[in-house]
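Here is the naming used below: chain letters follow the sequence lines, and residue numbers restart at 1 for every chain. All values reported here derive from a predicted model rather than from experimental measurement.
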Protein chains: 2
Amino acid sequence: MNQKELTQHLKQVKTLCTSQGARLTPQREQVLSLIMRSKKPLTAYELLEGMRQEDKTPAPPTVYRALEFLQEQGLIHKLESLHAFVGCNHPEHPHAGQFLICTDCGEVNEVCNHELDKSLNAVEKNQGFNLQRPVIELLGRCASCQK
Amino acid sequence: MNQKELTQHLKQVKTLCTSQGARLTPQREQVLSLIMRSKKPLTAYELLEGMRQEDKTPAPPTVYRALEFLQEQGLIHKLESLHAFVGCNHPEHPHAGQFLICTDCGEVNEVCNHELDKSLNAVEKNQGFNLQRPVIELLGRCASCQK
DNA sequence: CCTAGAATGTTATAATGTAACAATTAAAAT
DNA sequence: ATTTTAATTGTTACATTATAACATTCTAGG
Ligand SMILES: [Zn+2]
Ligand SMILES: [Zn+2]
Ligand SMILES: [Zn+2]
Ligand SMILES: [Zn+2]
């Protein structure tokens, strides 16, 4: 995400937070901004490093708290298989993410496949399971890296 | 898994390993045995603790090596969202696991849903993605815990 | 202003995972 | 059977990821 897109995104996100009575403080915004600008998912400690370059020297809880907030607001997703975080491009309606993760170039692509959703619903129904948080992370090689 | 089932499972597994030219050494068998006997997924350090009760005092690399071997042989699965390991009941034909994980009671249920598989294949095809390791972990409440 | 709750700062530590190299053991070759 | 080789295990140290606990500061609402 480039500077212009970022500015636009942050404006949207601020509106969104305000409407929810959630406070997108400067620190939280800084963490979000670092994540959105990155081409790759970032770990908590990479974010800490990023914050240090722009700012003072925050301690781990600072960044973990910001990450918790951003997840609650649906502004970022955590990738369990990478211990890293990516921004969400469609935070306006809450959703669980489905991710294609390239193990070669590190690119992460958030998809939204309704067939997959249906299958998950079917599993839920079959098993009498109440699904609350699906973790769908598809690791492999992206189209470019196969060439 | 009870003692009788375990014995039976270990016998099968030994045959399987032998046929692959893989060596299920006593340590590896001990780790597998701890995992299969447990009702809940176990973390590496819980396994270390378990090994210490039966044996000497192994260091972390010991258990991580055993876990790596067991995963390679398809005898166990790692749950990324829990940093923990569960046994596989169908190691005879290799597969990626699909898991229902109850956040109340901790029970983990490995399912094998072909609709879900199809959806994954469709995503692969649509995106030109070469899927190598799907991580499918469905967190929520199991049927019993909803009552 | 005053106060209550939210957010942040700070220190310490817990939990998870790996690098590097030495010692041992088991398989394979001679 | 002995030698050679590769696989496995032991050991130490450390890297990475994450949280508990408590103090301080800030902010919104009365
Ligand atoms: Zn999203
Ligand atoms: Zn790629
Ligand atoms: Zn399995
Ligand atoms: Zn349950």
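At a threshold of 4.0 angstrom between heavy atoms, the contacts of B:K56 with the nucleic acid are absent. Residue A:P58 is out of contact with every strand shown, counting any heavy-atom pair closer than 4.0 Å.
The distance between atom CG of B:L48 and atom P of C:dT18, rounded to the nearest whole Å, is 14 Å. Between the CG atom of A:L24 and the C1' atom of D:dT27 there is a distance of 15 Å, rounded to whole Å. Atom CG of B:L47 and atom C1' of C:dG17 are 14 Å apart (whole Å). A straight line from CZ of A:F69 to P of C:dA7 spans 7 Å, rounded to a whole angstrom. Atom CD in B:E68 sits roughly 12 Å away from atom C1' in D:dT8 (whole-Å rounding).
In this structure, A:L75 CG and A:C17 SG are separated by 5.0 Å, a value rounded to the nearest 0.5 Å.
Side-chain atoms of A:Y45 come within donor-acceptor range of the base of D:dA18, with a qualifying N/O pair under 3.5 Å.
Look at B:E80 and B:R133 and you find a salt bridge, because one of the NZ, NE, NH1 or NH2 atoms lies within 4.0 Å of a carboxylate O, short of that distance.
Between A:L24 and A:F69 the shortest heavy-atom distance is CD1-CE2, 4.0 Å.
Closest to the side chain of B:T25, out of D:dT9, C:dT11, C:dA26, is D:dT9.
A:V135 has its side chain out of reach of B:L138: every pair of non-hydrogen atoms, C-beta onward, lies at least 4.5 Å apart.
Of the residues near DNA chain C, B:R65 and B:L82, the one whose nearest nucleotide (by heavy atom distance) lies more toward the 5' end is B:L82.
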